[in-house]
Amino acid sequence: MIDKATGHVEGRQSLMDVSSAYGNAEIGHILWGPRIVGTRVATEVFFLMADYVFGLGYRRYQWRCNARNGPSRRAAERFGYTYEGTFRKHMVVKGENRDTAWHSILDEEWPRHRAAYERWLQPDMFIYFGLAWSDL
């Protein structure tokens, strides 16, 4: 995510574990800088990607994180994900067992979430990173 006004990179996020056959996609590799973490900007960039995924017809948009990562789990909750459970000893990362917390938003839930985002991100305020509501 590049702030078009300053040219500074403020964060990144990507799609991963995409399965068009099953209609699943996951947001991942999230790194939001201190200027945007926990802000309206982070909400906007999350909304844009989620809306893109569901606009393509995907059925499930998921978020996985280390179960010990409190900030990531709180972010998933703030963005409207439903906690589904924890896979115990799901992975070994840097020589340690990692439990993975799973969260999701389903296609039938998205219209309600989308409406809430649109109310919160009022069209006249939807101007960050050079994007405008009309660009969607």
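Small disclaimer: the values here were computed from a predicted structure and weren't measured.
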What closest approach, in Å, do [X] and [Y] show between heavy atoms, and which atom pair accounts for it?
X: G80; Y: I105; result: O-CG1, 3.8 Å
X: E108; Y: P111; result: O-CD, 3.6 Å
X: F54; Y: R60; result: CE2-N, 4.3 Å
X: S104; Y: E109; result: O-OE1, 4.2 Å

Can you measure from [atom1] ([X]) to [atom2] ([Y]) and round to the nearest 0.5 angstrom?
X: H113; Y: F47; atom1: NE2; atom2: CZ; value: 12.5 Å
X: M16; Y: Q62; atom1: CE; atom2: CD; value: 8.5 Å
X: T86; Y: R73; atom1: OG1; atom2: CZ; value: 5.0 Å
X: H29; Y: L15; atom1: NE2; atom2: CG; value: 10.0 Å
X: D17; Y: R64; atom1: CG; atom2: CZ; value: 5.0 Å

Please answer: with hydrophobic residues joined when any side-chain heavy atoms are less than 4.5 Å apart, are [X] and [Y] in the same cluster?
X: L106; Y: F79; answer: no
X: F87; Y: Y83; answer: no
X: L31; Y: I27; answer: no
X: L56; Y: V53; answer: yes

Check whether any side-chain N or O of [X] sits under 3.5 Å from a backbone N or O of [Y] as a donor-acceptor pair, and report yes or no.
X: E10; Y: I36; answer: no
X: D99; Y: K89; answer: yes
X: R114; Y: D51; answer: no

Mutual orientation of the aromatic rings belonging to [X] and [Y] [parallel < 30°, tilted 30-60°, perpendicular > 60°]:
X: F46; Y: Y61; answer: tilted
X: H90; Y: W102; answer: perpendicular
X: Y117; Y: W110; answer: tilted

Exercise for the section: With side chain to side chain donor-acceptor pair (under 3.5 Å) as the test, would you mind laying out the steps for T100 and R98 before giving the verdict? Expected result: CA-CA 6 Å; T100 300; R98 173 186 140 159; 3.0 Å; yes

Problem - Whichever hydrophobic residues join V93 through chains of side-chain contacts under 4.5 Å - result: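 The other cluster members (ILVMFWY side chains, heavy atoms under 4.5 Å, direct or chained) are M91.
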
Distance-only donor-acceptor hits, side chain of residues 65-72, under 3.5 Å, sequence neighbours excluded:
residue: N66; atom: OD1; partner: R68; partner atom: N; Å: 2.8
residue: N69; atom: OD1; partner: S72; partner atom: N; Å: 3.0
residue: S72; atom: OG; partner: W63; partner atom: NE1; Å: 3.0

Practice task
Count the heavy atoms of every other residue, nucleotide or ligand shown that sit under 6.0 Å from CD of E84, and state whether that count exceeds 12.
Solution key: yes

Problem - Minimum side-chain heavy-atom gap Y52-Y58 below 4.5 Å - result: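 Sidechains of Y58 and Y52: no contact.
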
